[in-house]
Amino acid sequence: MCEEVTLGMIRAAAERIQAFVHRTPVLTCSTLDRMSKKQLYFKCENLQKTGSFKARGALNTIKTMIDNGNQPNLIVTHSSGNHGQAVAWASKTMNTPCTVVVPEGTPKVKCQAIQDYGAELVFCTPTPTGRKETADRIAKEKNGVI
């Protein structure tokens, strides 16, 4: 069962990570407003660390663990894209080793971006089961957290 997210929790998370992330702009577009007959707002998270909003969640999760006295030996995740980059960046930011499991055939540019943030890459079969089983095995063998 998931815990209900409150406004207070969101504000606490924002405060926890504010020193590490960009404050990204919110933009509007009068042409799109006219076309949609609504007032639209665009949060430019493409300007965020790692190029996506996922850096915020990854950093908040890892920093919360550390702030609560649960310094992980290793962060393990599986992803072939933005999530892997975000976890690698957040782990580096919090001085915590990271392994990212990626499916065989992941584009080299994505692999390089994950490695550039300091994570170890481990390749697996390109299936959801392959990703999960490989990440679970690494976490167990190396006393890491997923």
Side-chain angles (χ1 to χ4, degrees), residues 1-5 9-33 35-36 38 40-146:
M1 203 79 190
C2 292
E3 180 180 359
E4 183 178 333
V5 178
M9 293 165 76
I10 293 169
R11 287 184 174 147
E15 185 175 326
R16 187 177 302 115
I17 66 172
Q18 71 180 348
F20 303 95
V21 296
H22 297 309
R23 185 176 177 129
T24 56
V26 176
L27 302 178
T28 60
C29 177
S30 59
T31 300
L32 291 176
D33 287 353
M35 290 171 66
S36 67
K38 305 225 182 279
L40 303 175
Y41 297 90
F42 301 92
K43 181 72 167 146
C44 299
E45 286 296 287
N46 58 311
L47 303 176
Q48 190 50 263
K49 304 281 185 173
T50 76
S52 82
F53 69 93
K54 294 182 182 206
R56 294 177 186 275
L59 181 61
N60 183 57
T61 299
I62 295 168
K63 189 161 182 355
T64 298
M65 280 191 286
I66 293 168
D67 289 353
N68 289 338
N70 300 316
Q71 173 68 51
N73 294 322
L74 175 70
I75 301 291
V76 181
T77 194
H78 56 87
S79 169
S80 58
N82 291 342
H83 176 72
Q85 291 177 46
V87 172
W89 169 79
S91 295
K92 181 178 182 179
T93 300
M94 294 289 100
N95 298 310
T96 303
C98 178
T99 297
V100 180
V101 175
V102 297
E104 295 165 354
T106 297
K108 289 180 183 178
V109 68
K110 291 185 177 192
C111 293
Q112 188 63 54
I114 292 168
Q115 289 177 309
D116 286 349
Y117 288 118
E120 176 187 5
L121 277 185
V122 174
F123 291 92
C124 69
T125 57
T127 65
T129 301
R131 291 178 184 204
K132 183 178 182 337
E133 287 176 353
T134 303
D136 288 346
R137 178 182 50 78
I138 292 166
K140 183 177 181 182
E141 288 174 359
K142 296 186 177 183
N143 194 29
V145 297
I146 296 177

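Just so it is clear, the structure is predicted and the values come from calculations on it, not from any experiment.
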Measure the spacing between NZ of Lys63 and CE of Met94 and express it to the nearest 0.5 Å. 5.5 Å
So, does Thr134 use its side chain to make a donor-acceptor pair with the main chain of Arg131 at under 3.5 Å? no
Taking Val102's backbone N and O only, do any of them form a donor-acceptor pair with Thr106's side chain (distance below 3.5 Å, no angle check)? no
Check Ile146 against Ala139 and note the closest heavy-atom contact, atom names and distance. CG1-CB, 3.8 Å
I want to check something: taking the side chain as every heavy atom from C-beta on, are Pro72 and Ile66 in contact at a cut-off of under 4.5 Å? yes
Is a side-chain donor or acceptor of Asn68 paired with a backbone partner of Thr64 at a separation under 3.5 angstrom? yes
Ile138 vs Val122, side-chain contact (heavy atoms from CB on, under 4.5 Å): CA-CA, chis, key distance, verdict: CA-CA 9 Å; Ile138 292 166; Val122 174; 3.8 Å; yes
Any donor-acceptor pair under 3.5 Å linking the side chain of Glu120 with the backbone of Cys98? no
Euclidean distance, Gln115 CD relative to Lys108 NZ, rounded to 0.5 Å: 11.5 Å
Testing the basics here: between Thr24 and Lys43, what is the closest heavy-atom pair and its distance to 0.1 Å? O-NZ, 2.6 Å
Any chance you could measure Arg16, atom CZ, to Met9, atom CE, to the nearest 0.5 Å? 9.0 Å
So, taking the atom named OG1 in Thr50 and the one named CG in Asp116, what distance separates them when rounded to the nearest 0.5 Å? 12.5 Å
Would you say that Val101 contacts Thr77 through its side chain, given a criterion of any heavy-atom pair below 4.5 Å between the two side chains? no
Apply salt bridge (charged side-chain N to carboxylate O under 4.0 Å, His left out) to Asp136 and Lys132, showing your working. CA-CA 6 Å; Asp136 288 346; Lys132 183 178 182 337; 2.7 Å; yes
Would you mind reporting whether Val100 and Tyr117 have side-chain heavy atoms less than 4.5 Å apart? no
Under 4.0 Å between a side-chain nitrogen and a carboxylate oxygen: does that hold for Glu45 and Lys54? no
Is Asn73 close to Lys142 at the side-chain level, that is, under 4.5 Å between some pair of heavy atoms? no
Decide if atom CD of Glu141 counts as having more than 12 heavy atoms of other residues, nucleotides or ligands within a radius under 6.0 Å. yes
Considering non-hydrogen atoms only, spot the tightest contact between Val5 and Ile10 and give its length. CG1-CG1, 3.8 Å
Surrounding CZ of Phe20 (heavy atoms of other residues, nucleotides or ligands, distance under 6.0 Å), is the total greater than 12? yes
Residues Glu133, Arg137: salt bridge by 4.0 Å N-O rule: no
For residues Thr93 and Ile62, determine if any side-chain heavy atom of one lies less than 4.5 Å from a side-chain heavy atom of the other. no
Here the gap from Gln18 atom CD to Arg56 atom CZ, rounded to the nearest 0.5 Å, amounts to 10.5 Å
Would you say Thr125 and Glu104 are linked by a side-chain donor-acceptor pair, where the criterion is simply a distance under 3.5 Å? no
Distance from Glu15 atom CD to Asn60 atom CG, nearest 0.5 Å? 11.5 Å
Kindly say whether Ser52 contributes a backbone atom to a donor-acceptor pair with the side chain of Asn82 at under 3.5 angstrom? no
So, do Tyr41 and Leu27 sit near enough that their side-chain heavy atoms are less than 4.5 Å apart? no
Any chance you could lay out the side-chain contact (heavy atoms from CB on, under 4.5 Å) test for Leu40 and Phe42, step after step, and finish with the verdict? CA-CA 7 Å; Leu40 303 175; Phe42 301 92; 4.0 Å; yes
Heavy-atom pair with the smallest gap, counting every atom of Ala88 and Ile114: CB-O, 3.8 Å
Side-chain touch Thr99/Ile75, heavy atoms, less than 4.5 angstrom: no
Under a 3.5 Å cutoff, is there a donor and acceptor pairing between the side chains of Ser80 and Lys110? no
Closest contact, heavy atoms only, Pro103 versus Phe123: O-CD2, 4.1 Å
Indicate yes or no: at least one non-hydrogen side-chain atom of Val145 is less than 4.5 angstrom from one of Met65. yes
